[in-house]
Participant: 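Sharing a structure with you now.
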Amino acid sequence: MKDRVKVVVTGAAGQISYSLIPRLVDGHTFEDKIVDLELVEIPQVVNKLEGLVMELEDSNFPNMGNVNYTANFEEAAKDADWFLLVGSIPRGIVFNGKKIEERADLLQINGGIFVGQGQAIGKFGKPDAKILVVGNPANTNALIGRHAANNESQLWMAMTMLDSSRARSVLSKKLNIGIGEISKMIIWGNHSPTMYPDFENIMVNGLSGKDLINDMSWVENEFLPVVQQRGKAVIDSRGASSATSAAKAALDTVMACERPTQSGDCFSAAVISDGSYGLPEGIICGMPLMTTPDGKVEIVRDIILSDLAKEKIKISTDELIDERAAVEDLLT
Ligand SMILES: NC(=O)c1ccc[n+]([C@@H]2O[C@H](COP(=O)([O-])OP(=O)(O)OC[C@H]3O[C@@H](n4cnc5c(N)ncnc54)[C@H](O)[C@@H]3O)[C@@H](O)[C@H]2O)c1
């Protein structure tokens with residue numbers, strides 16, 4: 001009998017999920033495991049998911065198990081292995097009669113969602129459940145959810161894989177190499193324009209990427225701004241935020257956690273800081289991670305940070321500290 005994995009996806013009727021959900025059951029992300037899906041939406045749109053379920057059935061995915069859709073997160077959370085928390089309220093939307101423009105308002109509203117979901121995950125999710133927060137502001141949402149879950153054996157992550165994919169794409173063009181030739185692409189800090197893509201520690205076919213780039217003017221004037229502002233550039237062009245690339249990044253994060261990391265490599269996600277690298281403790285911060293052969297996700301601790309890197313990372317961790325202060329009432 002094949003192994004099974006139960007995956008909860010929130011925001012299941014949204015843009016990212018439309019790209020993400022089919023690929024959870026295509027036999028690639030979870031290899032040959034049978035994937036049971038719990039698709040969660042807010043009550044106002046949950047019925048739309050009936051159409052998505054029809055499409056999933058009609059696609060004949062070989063690894064699709066039971067599929068359920070619901071607006072009841074607690075029910076969905078029971079014994080789940082993975083939680084992909086995509087659902088959140090975007091900036092600019094009218095919520096309870098008020099247009100949400102300020103980051104502080106966004107933090108409060110979405111933070112409120114993550115208190116309830118966090119409590120349910122802590123209580124009903126598997127003890128070794130992995131949680132990937134995609135909905136923005138992802139790092140602080142994950143902090144709130146993790147606090148509410150109060151379950152140390154579960155792993156809370158916020159997604160920075162999309163930032164690392166963007167950085168790889170820009171670097172591969174600069175160095176005229178394939179994406180797969182780049183390893184150790186680390187994103188430090190917040191999933192926001194302050195995040196720091198670490199060009200100094202990347203490796204290209206065993207060689208130092210920094211030496212191969214050897215062009216600080218390009219790093220400062222092109223690489224960093226392009227990667228940091230890529231989300232905005234996509235929104236400006238599409239009139240909607242990144243969806244298919246965000247879905248791919250979520251799948252890449254799941255796969256990075258499900259398979260052992262190759263020796264000498266690492267992957268990017270934000271997890272709770274324990275003070276490693278002198279980062280402030282108690283924020284969800286982008287860091288280098290690895291999955292051990294027995295399936296544990298750990299912080300990689302032997303990266304060397306230059307003074308320049310420390311200076312840039314501090315800008316992002318300061319922002320995370322400010323965000324934490326803005327939701328202090330949700331962390332008591
Ligand atoms: N971390 C990243 O790299 C990254 C990248 C791109 C987008 N995002 C973020 O991902 C989120 C989703 O993006 P999208 O384009 O799919 O948005 P979308 O608006 O198309 O979909 C979001 C969905 O979430 C649902 N939702 C809201 N609150 C919910 C709740 N409490 N429970 C369940 N569902 C809920 C909404 O009804 C909606 O269908 C946004 O916050 C976006 O900013 C993050």
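Throughout, numbering of the chain's residues begins at 1 and tracks the sequence. Only this structure's heavy atoms are used, side chains among them; waters, hydrogens and symmetry mates stay out. Ligands are counted one by one from 1 in listed order, and the atoms in each one are counted from 1 as well.
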Participant: What residue and heavy atom of the protein are closest to atom 6 (C) of ligand 1, and at what distance?
Facilitator: S242 O, 3.5 Å
Participant: Please evaluate residues R301 and D274 with respect to the criterion salt bridge (charged side-chain N to carboxylate O under 4.0 Å, His left out), reporting the C-alpha separation (whole Å), side-chain torsions for both, the decisive distance (0.1 Å), and the verdict.
Facilitator: CA-CA 11 Å; R301 294 174 200 278; D274 60 0; 3.1 Å; yes
Participant: Below 3.5 angstrom, do we get any N/O pair linking E41 and ligand 1?
Facilitator: yes
Participant: Closer than 4.0 Å and a protein heavy atom, does any atom meet both conditions relative to atom 3 (O) of ligand 1?
Facilitator: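 Yes.
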Participant: Parallel, tilted or perpendicular: which fits the ring planes of F83 and F73, with parallel below 30° and perpendicular above 60°?
Facilitator: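 Answer is tilted, since the angle falls between 30° and 60°.
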Participant: Starting from atom 17 (O) of ligand 1, locate the nearest protein heavy atom and write down its residue, its atom name and how far away it is, to 0.1 Å.
Facilitator: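 Result for atom 17 (O) of ligand 1: Q15 N, 4.5 Å.
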Participant: For residues A80 and A129, report the shortest heavy-atom separation together with the two atoms involved.
Facilitator: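 Looks like O-CB, 3.7 Å.
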Participant: Any atoms of ligand 1 less than 4.0 Å from a non-hydrogen atom of L162? List them with their elements.
Facilitator: 3 (O), 5 (C)
Participant: What are the atoms of ligand 1, with element, lying closer than 4.0 Å to any heavy atom of G135?
Facilitator: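 Close to G135: 10 (O), 11 (C), 41 (O).
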Participant: Closest by any non-hydrogen atom to atom 12 (C) of ligand 1: pick that one out of V134, V86, T160.
Facilitator: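 It is V86 that holds the nearest heavy atom.
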Participant: For the CE atom of M161 and the NZ atom of K248, what is their distance to the nearest 0.5 Å?
Facilitator: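 It is 8.5 Å, given to the nearest 0.5 Å.
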Participant: List ligand 1 atoms under 4.0 Å from A246, heavy atoms only on the residue side.
Facilitator: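 Within the 4.0 Å cut-off of A246, ligand 1 contributes 5 (C), 6 (C).
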Participant: Determine whether E31 and R259 make a side-chain contact, defined as any pair of heavy atoms from C-beta on separated by less than 4.5 Å.
Facilitator: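 Yes, close enough: below the 4.5 Å cut-off.
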Participant: Just need the protein heavy atom nearest to atom 42 (C) of ligand 1, so name the residue and atom and give the distance.
Facilitator: N136 ND2, 3.7 Å
Participant: Does I89 reach ligand 1 with a nitrogen or oxygen that is under 3.5 Å from one of the ligand's nitrogen or oxygen atoms?
Facilitator: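 Among all N and O atoms of I89, none is under 3.5 Å from an N or O of ligand 1.
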Participant: Just to be sure I'm reading this right: ignoring hydrogens, which of M161, K48, Q117 gets closest to atom 32 (N) of ligand 1? Compare them by their nearest heavy atoms.
Facilitator: Q117
Participant: Heavy atoms only: which of L132, V46, I16, V8 lies closest to atom 13 (O) of ligand 1?
Facilitator: I16
Participant: Looking only at side-chain N and O atoms, does S183 offer a donor or acceptor that is under 3.5 Å from a partner on R168?
Facilitator: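 On atom types as modelled, these side chains do not qualify, holding no pair under 3.5 Å.
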Participant: Side chains of Y196 and E311: is there a donor and an acceptor less than 3.5 Å apart?
Facilitator: no
Participant: Check this for me - ligand 1, H191, N or O atoms closer than 3.5 angstrom, yes or no?
Facilitator: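 Checking ligand 1 against H191, an N or O pair does fall under 3.5 Å apart.
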Participant: When you measure from the side chain of Y277 to the backbone N and O of I303, does any donor-acceptor pair fall under 3.5 Å?
Facilitator: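 Yes, Y277 side chain to I303 backbone: donor-acceptor pair under 3.5 Å.
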Participant: Taking the basic N atoms (NZ, or NE/NH1/NH2) and the acidic carboxylate oxygens, is any pair closer than 4.0 Å for K312 and E220?
Facilitator: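 Yes, charged N to carboxylate O under 4.0 Å.
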Participant: Taking only Lys NZ, Arg NE, NH1 and NH2, and the carboxylate oxygens of Asp or Glu, determine whether K123 and E74 approach each other closer than 4.0 Å.
Facilitator: no
Participant: Is A138 in polar range of ligand 1, meaning some N or O pair under 3.5 Å apart?
Facilitator: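 It does not: no N or O of A138 is found under 3.5 Å from an N or O of ligand 1.
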Participant: So, are D81 and K6 salt-bridged, with charged N and O less than 4.0 Å apart?
Facilitator: no
Participant: Looking only at N/O atoms, are T10 and ligand 1 under 3.5 Å apart anywhere?
Facilitator: no
Participant: Report yes or no: do T70 and E38 form a side-chain donor-acceptor pair below 3.5 Å?
Facilitator: no
Participant: Looking at atom 29 (C) of ligand 1, what's its closest protein heavy atom, distance included?
Facilitator: I42 CG2, 3.4 Å
Participant: Distance to 0.1 Å, residue and atom name: give those for the protein heavy atom nearest to atom 19 (O) of ligand 1.
Facilitator: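 Protein heavy atom with the smallest distance to atom 19 (O) of ligand 1: P90 CG, 4.3 Å.
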Participant: Quick test: of every protein heavy atom, which one is nearest to atom 34 (N) of ligand 1, and how far off is it to 0.1 Å?
Facilitator: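 Looking at atom 34 (N) of ligand 1, the protein heavy atom closest to it is G11 N, 3.2 Å.
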Participant: Under 6.0 Å from the CZ atom of R230, do we count more than 12 heavy atoms belonging to anything else shown?
Facilitator: no
Participant: Number the atoms of ligand 1 from 1 as they appear, then name those within less than 4.0 Å of a heavy atom of S241, with their elements.
Facilitator: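 Answer for ligand 1: 7 (C), 15 (O).
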Participant: Just need the protein heavy atom nearest to atom 40 (C) of ligand 1, so name the residue and atom and give the distance.
Facilitator: S88 OG, 3.6 Å
Participant: Return the closest protein heavy atom for atom 21 (O) of ligand 1 as residue, atom name and distance.
Facilitator: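 Here the nearest protein heavy atom works out to G14 CA, 3.2 Å.
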